[in-house]
Amino acid sequence: SDGSLRYTTCTNGGPLFVYVKDGRILRVTPLEFDATDPSTWMIEARGRKFSPPRRALVAPHALTMKSLVYSDKRILHPMKRVDFDPDGERNPQNRGKSGYVRITWDEALDIVAKEINRQKRVHGPGAITFPMSSHHQWGNVGYYLSSLMRFANLIGFTRVAANPDSWEGWYWGAMHHFGNSMRVGVPAGYGGIEDCLKEAEMIVFWSSDPESTNGAYAGFEGTTRRLWAKELGIEFVHIDPHCNPTAQLFGGRWFSVRPQTDAALAQAIMYVWATEGLYDRDYVATRTTGFDEWKAYLLGETDGVPKTPEWQESETGIPAKDVRALARKWGGRKVYLAVGMTGTGFGGAGRGATGAQWARCMIMMMAMQGWGKPGINFGNLEIGIPHDLHFYFPGYADGGISGDLAFTGNAVNNYQRMPHILTMNPVKQMVPRQQMPDAIIEGKATGYLWDGMAQEAQFAPFTYPMPGYSPIHMIYRYGGSSLSTVTRSGRWVDAYRHESIEFVVNQSIWMEGEAQFADVILPACTSLERWDIGEWANSGGYAHHGVNVVNHRVVTLQHKCIEPLGESKSDYEIFTAILTRLGLGAVFTEGCSELDWVKRVFDSSDLPDHVSWKKFCRKGYYVVPPEKPELRQPVDMRWFAEGRRKDLPEPAPMPSQYAEQFGMGLQTPSGKLEFVPEIFKRHTTDNPDRPAVNRYIPSWEGRSAELSERYPLQMIATHSRYSFHTSMDGKNSAVNQVDDHRALIAGHRFWLLRVNTADAAARGIRHHDLVKIFNVRGAVICAADISPLVTPGVVKSYEASAEFQLIDVEGETVEIGGCLNTLTPDRSQTRGTSSMAPNSCLVQIEKWRNAEAFKMARAAQEEVL
Amino acid sequence: MSKWNLIINVGRCENCYNCVIANRDEHVGNDFPGYAAPAAAVGASPIRILRRAQGSAPMVETTYLPVMCNHCDDAPCIRRAGDAIRKRDDGIVIIDPVKSRGRKDIVSSCPYGAIVWNEEQQVPQTWLFDAHLLDQGWDKPRCQQSCPTDVFEAVKLDDAAMKKMAEAEGLKVLKPNLGTKPRVWYRGLERWETCFIGGSVSADFGGTIECVEAADVTLSQGGTILAKTATDGFGDFRFNKLAGDGATFRIDVTHALGGVWRDCVLSESVYLGELRL
Ligand SMILES: Nc1nc2c(c(=O)[nH]1)N[C@H]1C(S)=C(S)[C@@H](COP(=O)(O)OP(=O)(O)OC[C@H]3O[C@@H](n4cnc5c(=O)[nH]c(N)nc54)[C@H](O)[C@@H]3O)O[C@H]1N2
Ligand SMILES: Nc1nc2c(c(=O)[nH]1)N[C@H]1C(S)=C(S)[C@@H](COP(=O)(O)OP(=O)(O)OC[C@H]3O[C@@H](n4cnc5c(=O)[nH]c(N)nc54)[C@H](O)[C@@H]3O)O[C@H]1N2
Ligand code: SF4
Ligand code: SF4
Ligand code: SF4
Ligand SMILES: [Ca+2]
Ligand SMILES: [Ca+2]
Ligand SMILES: [Mo+4]
């Protein structure tokens with residue numbers, strides 16, 4: 001009616017309609033289903049019927065797409081650093097300091113192509129690296145695991161081996177108690193919605209804030225279900241140093257635990273269960289091993305210290321009486337334990353020195369309570385929708401167009417459905433992600449694998465450099481998030497300026513983060529300016545059946561809604577242009593445009609059985625009809641609790657990984673839940689950080705650390721509620737204007753630091769004062785957000801500011817973008833792992849003494865402008 | 001004549017900012033002649049979410065309150081602005097994007113702080129109920145469309161029916177004493193306006209401190225009992241919906257194990273902490 005065209009797209013926060021008029025995006029709105037879309041599932045619980053709304057409950061960051069497209073930080077043409085001469089002086093020391101000149105695409109592509117060849121010729125394989133971030137704009141064709149992987153494989157590169165950042169405590173710890181290596185050590189969550197609504201009496205949210213983390217990609221789809229649970233009278237409890245948005249919305253008892261002390265709290269609860277007989281004796285006897293050894297530890301028979309509620313009080317800050325009350329309530333009821341974003345894994349508690357201890361406890365607690373019995377499971381109603389999972393559509397980690405069989409789910413998914421030219425990286429050398437700056441500066445690093453194939457894979461160390469390969473001399477960076485998402489990230493500045501790095505190219509959409517450290521900048525475009533296809537929340541790979549978080553399975557055509565802005569191009573086009581210069585253009589494209597690949601993905605899926613390509617394109621999306629009630633997936637672990645053969649639709653463990661009979665029992669050596677994991681007994685007896693009998697070992701950067709005298713506050717910097725990592729922050733996006741995200745002070749949007757009322761008062765800090773948060777690693781200026789919502793002694797903020805802005809005021813160097821990872825330790829949680837521990841971070845805060853000088857300088861600047 | 005009203009369900013807002021962002025999405029960079037000039041990409045939002053966090057750990061309650069232009073029937077802004085602001089027949093108040101140019105003085109006329117100044121366009125702006133969309137046939141504004149917890153309900157009723165509904169459901173408006181006659185109504189506003197007194201009861205059981213469940217707790221004032229409750233499994237009790245006007249209340253806890261009492265001056269919500277029998 002207003003002359004606009006309605007397209008569709010999908011984002012990390014849900015599917016949208018995109019209204020376009022005269023070549024410009026007018027608005028984006030959450031996708032709403034119409035009468036021709038299939039019906040919606042219904043669950044009956046306790047005499048009531050529940051069915052979710054027929055619209056996409058999208059995340060705030062999804063709704064900012066238009067503001068991101070038209071951001072004033074868009075890079076609109078290729079650029080070269082002014083003092084970078086590929087044939088003369090390269091001046092690596094000036095990266096991040098000197099400005100840029102505009103160059104043509106031809107010039108830019110020639111420099112990059114020539115340099116790729118020079119690196120190979122002069123240094124040989126391994127000299128080039130493509131550091132990849134963990135996330136990307138939605139879509140199966142343009143995703144980094146798709147196009148970028150294909151491109152990088154065709155060039156050859158030193159792989160930056162990621163640490164399992166999302167899964168830390170689970171991969172290195174919890175997994176060894178129950179298996180599930182193919183899910184990186186977290187439970188699956190099948191059937192969790194219906195079982196929880198029907199049976200559970202209580203949900204314990206432990207380091208779980210789904211109203212902020214949204215099951216990663218599900219927006220607020222889970223919120224409605226949690227509201228149902230409240231209506232049914234299911235009691236909520238929250239264990240978190242922050243009375244987080246989930247606790248705020250739903251209420252329920254808050255246990256304001258000190259960060260990284262959770263293992264002590266959990267052990268005290270288990271102590272009460274063990275001494276008062278509040279556990280499932282029959283289950284423990286028949287489904288688990290090692291309980292007697294564990295119980296002896298809890299009772300203090302092994303080390304003389306009974307793990308009583310009184311014992312934990314000085315560590316956790318939780319009164320012993322409250323622990324006993326919780327333990328008794330829990331022990332006597334059917335309880336869902338909600339850990340992390342989906343309730344079935346993750347959680348900020350896992351990203352610190354004691355992360356593995358905590359995650360291990362979570363599995364042991366469920367083992368004591370009869371995991372898998374009705375109403376007793378992991379979850380917070382975020383996962384376990386009764387979808388039709390037989391309908392095949394690939395997730396983003398299932399390979400896309402990569403042709404890579406080793407580092408994506410291609411071999412078991414997309415490749416069989418959509419044969420395409422295989423690609424492979426011939427370089428075996430790897431460098432661990434968290435240690436990459438050290439690898440560059442010190443020339444060496446050691447890492448441990450993140451590999452879900454087997455529980456044992458993580459014990460194999462790898463070293464950089466690897467004999468036979470060149471050290472890294474060229475960085476091809478795609479995006480630029482490391483300064484905000486990698487620990488002690490200030491190291492990156494020195495790494496970028498290191499003389500061994502001869503060339504840095506950055507392919508980015510926005511001028512932010514690491515883009516400003518490149519020699520040549522290639523402007524990419526957003527997903528609204530190119531074609532793609534994707535299913536909402538279908539991540540695939542290690543998150544097998546990840547669509548189980550959204551209420552409807554929605555496959556979207558991601559329209560090219562507008563032409564790329566300025567001279568920006570899609571990543572695919574940029575890769576094509578570079579590879580064409582290397583004679584590999586046709587090998588890369590197979591003669592296909594992006595839209596051709598979209599059609600190939602469409603054809604490879606089950607979509608053509610239900611909808612024609614033409615109709616799909618016209619409507620823009622397809623909703624998969626719900627599963628017939630009698631075919632809904634069984635509840636996770638029910639088979640195990642009942643001693644039956646495994647009946648879940650997941651392809652793991654692998655046939656060779658069952659203890660005795662295929663399909664019977666877990667992936668552990670015994671096939672049972674192991675209180676004292678056999679795998680640890682076999683492999684870590686020489687490593688006191690990873691004992692077979694889980695112990696509470698206080699954080700090496702916690703309240704009892706020596707450092708706490710100078711830096712008495714514990715900082716946790718967890719996942720940003722309004723942005724998906726760095727993606728929607730900064731760049732004048734709509735998120736940046738959110739008052740609960742950044743505060744506008746002296747014309748600058750400062751990152752928020754949540755401080756307890758008492759801690760603020762003790763330091764003379766008032767609401768929205770500029771505060772300096774600092775430790776030996778650096779200093780960041782934030783705006784104080786004062787409330788009783790954080791535990792005293794704790795400051796809470798978010799990771800992943802997109803802005804990295806070092807400034808000098810009155811001789812003091814501070815960061816004002818909000819990059820709190822400049823303060824976090826780069827130490828692995830435990831020896832023998834490559835893990836991150838950002839939530840073990842001691843800091844001090846004070847009212848920023850140069851705040852007035854800063855404000856005056858800003859005001860003077862405004863006048864000049 | 002049916003007119004637009006907006007009902008806001010207090011206690012369901014979780015501060016997600018979808019409504020704020022959707023509203024910015026609608027207006028930033030878009031010109032809707034007759035309705036609104038393009039909003040600025042940077043700066044204050046016409047919809048704001050206010051926070052109130054009461055109590056202290058472990059007993060806190062957080063309430064978020066969306067506030068925006070109330071589309072008042074007796075609007076102080078119209079009195080100030082003359083023909084630069086008009087009231088439509090359907091109740092919606094529109095600041096004319098042309099006639100209001102340069103009128104920064106209008107901003108301060110709103111007692112609700114609902115008008116933002118657009119420096120780029122030199123116009124005062126508000127949340128305009130998405131009148132431009134309603135006029136195209138939309139049945140709800142964008143804030144309602146994007147809210148995950150159904151905080152907003154836009155209803156088109158004649159004034160008598162609306163008044164009846166407000167009385168029946170206890171809907172309230174902001175600052176009723178100003179007599180501005182807002183068309184934005186709040187359901188459950190007590191949560192925003194009142195206070196609580198809470199505490200946690202414990203006792204010494206032979207050297208072990210335990211939470212005490214099912215202790216009787218009374219709230220009284222000058223000897224008159226106002227309310228009674230009992231403690232839960234964590235020994236917690238709470239009295240809600242109290243006026244925070246500085247009055248003194250008395251809390252008495254009684255249980256077979258003993259009793260304990262406290263006096264408490266209430267101007268903001270209070271968590272009394274542990275009360276040992
Ligand atoms: N302190 C602290 N740190 C943490 C965590 C924590 O809890 N606390 N969590 C960790 C976890 S779990 C994770 S997953 C990581 C996430 O860390 P990252 O994955 O590093 O963060 P993102 O911001 O998602 O990075 C994505 C980058 O890719 C770019 N990009 C996206 N789409 C495109 C595209 O289409 N084309 C191009 N050219 N570029 C694109 C974006 O601009 C951005 O720079 O952070 C980790 N860091
Ligand atoms: N909006 C949004 N959603 C996201 C992301 C995003 O960037 N933005 N990122 C996605 C990704 S990649 C991931 S991995 C997940 C992460 O999902 P999670 O790992 O679950 O998220 P976190 O925010 O790190 O932590 C959740 C809660 O743990 C609490 N917490 C922190 N430290 C401790 C502790 O020591 N003990 C206890 N008990 N609690 C603690 C925090 O206060 C927070 O409330 O989120 C995903 N969802
Ligand atoms: S057993 Fe499983 S993998 Fe084998 S054919 Fe049947 S469905 Fe396919
Ligand atoms: S809320 Fe303010 S701007 Fe809106 S009509 Fe009333 S007085 Fe005018
Ligand atoms: S969209 Fe709804 S829940 Fe979110 S901030 Fe607005 S009113 Fe609150
Ligand atoms: Ca139980
Ligand atoms: Ca088929
Ligand atoms: Mo993650």
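Computed from a predicted model, the values in this text were never measured in an experiment. Below, chains carry the letters A, B, ... as their sequence lines are ordered, and counting in each starts from 1.
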Exercise. For B/K140 and B/A154, indicate whether the former's side chain and the latter's backbone hold a donor-acceptor pair under 3.5 Å.
Key: no
Quiz item: With only heavy atoms counted, which part of A/L26 is less than 4.5 Å from chain B, the side chain, the backbone, both or neither?
Solution: both
Quiz prompt | Residue pair A/F255, B/F234: steps toward the ring-ring contact (aromatic ring centres under 6.0 Å, His included) verdict | solution = CA-CA 11 Å; A/F255 283 73; B/F234 296 109; 5.7 Å; yes
Self-check item: Side chain B/R52, main chain B/W192, donor-acceptor under 3.5 Å
Solution: yes
Quiz prompt | Audit row: A/R749, A/D739, salt bridge (Lys or Arg N to Asp or Glu O under 4.0 Å) steps and yes/no | solution = CA-CA 9 Å; A/R749 286 257 165 204; A/D739 295 328; 3.7 Å; yes
Practice problem: Heavy-atom distances under 4.5 Å only: say whether A/T29 touches chain B with side chain, backbone, both or neither. | Solution: both
Quiz item: Among A/L326, A/V735, A/N736, who wins on heavy-atom pairs under 4.5 Å with chain B?
Solution: A/L326
Self-check item: Heavy-atom contact with chain A under 4.5 Å, split by part of B/C19
Solution: neither
Exercise. Considering only heavy atoms and a distance below 4.5 Å, find which of A/R253, A/R24, A/H741, A/E235 pairs most often with chain B.
Key: A/R253
Self-check item: A/D209 and A/T246: side chain donor to acceptor below 3.5 Å
Solution: yes
Exercise. Verify the distance criterion only: is there a donor paired with an acceptor across the side chains of B/S269 and B/E61 at less than 3.5 Å?
Key: no
Quiz prompt | Which portion of A/A59 sits near chain B, non-hydrogen atoms under 4.5 angstrom | solution = backbone
Practice problem: Salt-bridge test for A/R226 and A/E211: reply yes if a basic N is under 4.0 Å from a carboxylate O, no otherwise. | Solution: yes
Quiz item: Which bit of A/L63 comes within less than 4.5 Å of chain B, counting heavy atoms only: side chain, backbone, both or neither?
Solution: both
Quiz item: Is the ring centre of B/F196 less than 6.0 Å from the ring centre of B/F239?
Solution: no
Self-check item: Region of A/T64 in contact with chain B, defined by heavy-atom distances below 4.5 Å
Solution: both
Quiz item: Between B/F205 and chain A, which part of the residue has a heavy atom less than 4.5 Å away: side chain, backbone, both or neither?
Solution: neither
Practice problem: Please flag which part of B/S200 lies under 4.5 Å from any non-hydrogen atom of chain A: side chain, backbone, both or neither. | Solution: side chain
Quiz prompt | A/E221, part contacting chain B, at a heavy-atom distance under 4.5 Å | solution = neither
Quiz item: Side chain, backbone, both or neither: which part of B/E274 has an atom under 4.5 Å from a heavy atom of chain A?
Solution: side chain
Quiz item: B/V60 versus chain A, heavy atoms under 4.5 Å apart: side chain, backbone, both or neither?
Solution: side chain
Practice problem: Side chain from CB out, backbone as N, CA, C, O: work out which of these in A/I786 comes under 4.5 Å of a heavy atom of chain B, or both, or neither. | Solution: backbone
Practice problem: Tell me whether the centres of the aromatic rings in B/H132 and B/H27 are closer together than 6.0 Å. | Solution: yes
Quiz item: Of the backbone (N, CA, C, O) and the side chain (C-beta and beyond), which part of B/R51 lies under 4.5 Å from a heavy atom of chain A, both, or neither?
Solution: side chain
Self-check item: Top of B/N30, B/L133, B/T149, B/D232 for chain A proximity - count of heavy-atom pairs under 4.5 angstrom
Solution: B/N30
Quiz prompt | salt bridge (Lys or Arg N to Asp or Glu O under 4.0 Å) evaluation trace for B/E14 with A/R721 | solution = CA-CA 12 Å; B/E14 61 162 317; A/R721 190 176 194 211; 2.9 Å; yes
Quiz prompt | Region of A/I318 that comes under 4.5 Å of a non-hydrogen atom in chain B | solution = neither
